[in-house]
Amino acid sequence: MASSSPSLLLPLGSASRNVQTFKYPNTSRCIATRVIASETRNKSNLSSRRDAMLVLLGVSSGLSMNSLAAYAAGLPPEDKPRICEAECEKELENVPMVTTESGLQYKDIKVGTGPSPPVGYQVAANYVAMVPSGQIFDSSLDKGLPYLFRVGSGQVIKGLDEGILSMKAGGKRRLYIPGPLAFPKGLTSAPGRPRVAPNSPVVFDVSLEYIPGLDSDEE
């Protein structure tokens, strides 16, 4: 799922400035006269308005890269619940990556102690779905309820089906889902959410909460 992509960050610096030098007759003194074209003034005004908007939105040097990328892409900075928060992200760097025959990759955030779901069984799972940059395009946490579906029955994308089948109840996992196992037709962007291009990789953080009908000793 991890995929390098061009940075969405745009320079927020100063506008360009043209300087023209005139020399007075009979003197060696030069005066630099600043010549600002109307288009440069427009850019400067735009930059000022943008900087003011950054202040209103709370965009400062302390914001995360994801928030800055979101602003540059015209999306609001994210402050959304996640399955894997900042401390989890640091720990995940040291977790080995597992690659399956299909090309699905995953890292276990937490290994569950309950049963694994048989094919066709209903499962209750929370998820946070992201594009490779980390921007969220869907999340069950926003809805406040886990998502119920029959695993291995084609009710969700192939990568999510495969990734959950080998989990245990109570476990949490990050799935790096390649394009062929994700959304072949892509997803249109919801308001304030990034678009998912056809056959592009996605990242899912998944928490397998429980399996109705099967006992779980987890928590």
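All heavy atoms count here, side chains included; hydrogens, waters and symmetry mates do not. All residue numbers in this chain count up from 1 along the given sequence.
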Please check: side-chain N/O of [X] versus main-chain N/O of [Y], any donor-acceptor pairing under 3.5 Å?
X: Ser140; Y: Tyr127; result: yes
X: Arg173; Y: Tyr106; result: no
X: Gln155; Y: Arg150; result: yes
X: Ser200; Y: Gly179; result: no

For the residue pair [X] and [Y], what are the closest heavy atoms and their distance?
X: Pro201; Y: Pro132; result: O-CD, 3.4 Å
X: Pro115; Y: Ile211; result: O-CD1, 3.4 Å
X: Arg82; Y: Val128; result: CA-CG2, 4.2 Å
X: Ser207; Y: Ile83; result: N-CD1, 3.8 Å
X: Leu181; Y: Ser102; result: CD1-OG, 3.4 Å
X: Gly120; Y: Ser153; result: CA-OG, 3.6 Å

[X] side, atom [atom1]; [Y] side, atom [atom2] - distance, nearest 0.5 Å:
X: Phe204; Y: Ile164; atom1: CZ; atom2: CD1; answer: 9.0 Å
X: Ile157; Y: Leu175; atom1: CD1; atom2: CG; answer: 8.5 Å
X: Glu162; Y: Met167; atom1: CD; atom2: CE; answer: 13.0 Å
X: Arg195; Y: Gln135; atom1: CZ; atom2: CD; answer: 15.5 Å

Set of residues satisfying side chain to side chain donor-acceptor pair (under 3.5 Å) with respect to Thr99, sequence neighbours excluded: Gln105
Check whether any side-chain heavy atom of [X] sits under 4.5 Å from a side-chain heavy atom of [Y], and report yes or no.
X: Pro96; Y: Asp108; value: no
X: Asp205; Y: Met130; value: yes
X: Lys185; Y: Pro198; value: no
X: Leu208; Y: Pro117; value: yes
X: Arg193; Y: Ile136; value: yes

Single-linkage hydrophobic cluster Tyr147~Val119, side-chain heavy atoms < 4.5 angstrom: yes
With sequence neighbours excluded, residues passing salt bridge (Lys or Arg N to Asp or Glu O under 4.0 Å) with Asp161: none
Set of salt bridge (Lys or Arg N to Asp or Glu O under 4.0 Å) partners for Glu91, sequence neighbours left out: none
Any residue meeting ring pair (Phe, Tyr, Trp, His ring centres under 6.0 Å) with Tyr121, in chain and number order, not counting sequence neighbours: none
Pairwise disulfide bond (SG atoms under 2.5 Å apart) hits with a residue in residues 118-195, at least two apart: none
Side chain to side chain contact (heavy atoms under 4.5 Å, CB included) between Val203 and Arg174, worked out: CA-CA 7 Å; Val203 180; Arg174 172 162 292 177; 3.8 Å; yes
From Leu92, Val95, Val206, residue fulfilling side-chain contact (heavy atoms from CB on, under 4.5 Å) relative to Ile109: Leu92
Sequence neighbours excluded, every pair satisfying salt bridge (Lys or Arg N to Asp or Glu O under 4.0 Å) that has a member inside residues 132-141: Asp138-Lys143
Steps toward side chain to side chain contact (heavy atoms under 4.5 Å, CB included) verdict (Lys80, Ser139): CA-CA 9 Å; Lys80 300 180 182 298; Ser139 173; over 6 Å; no
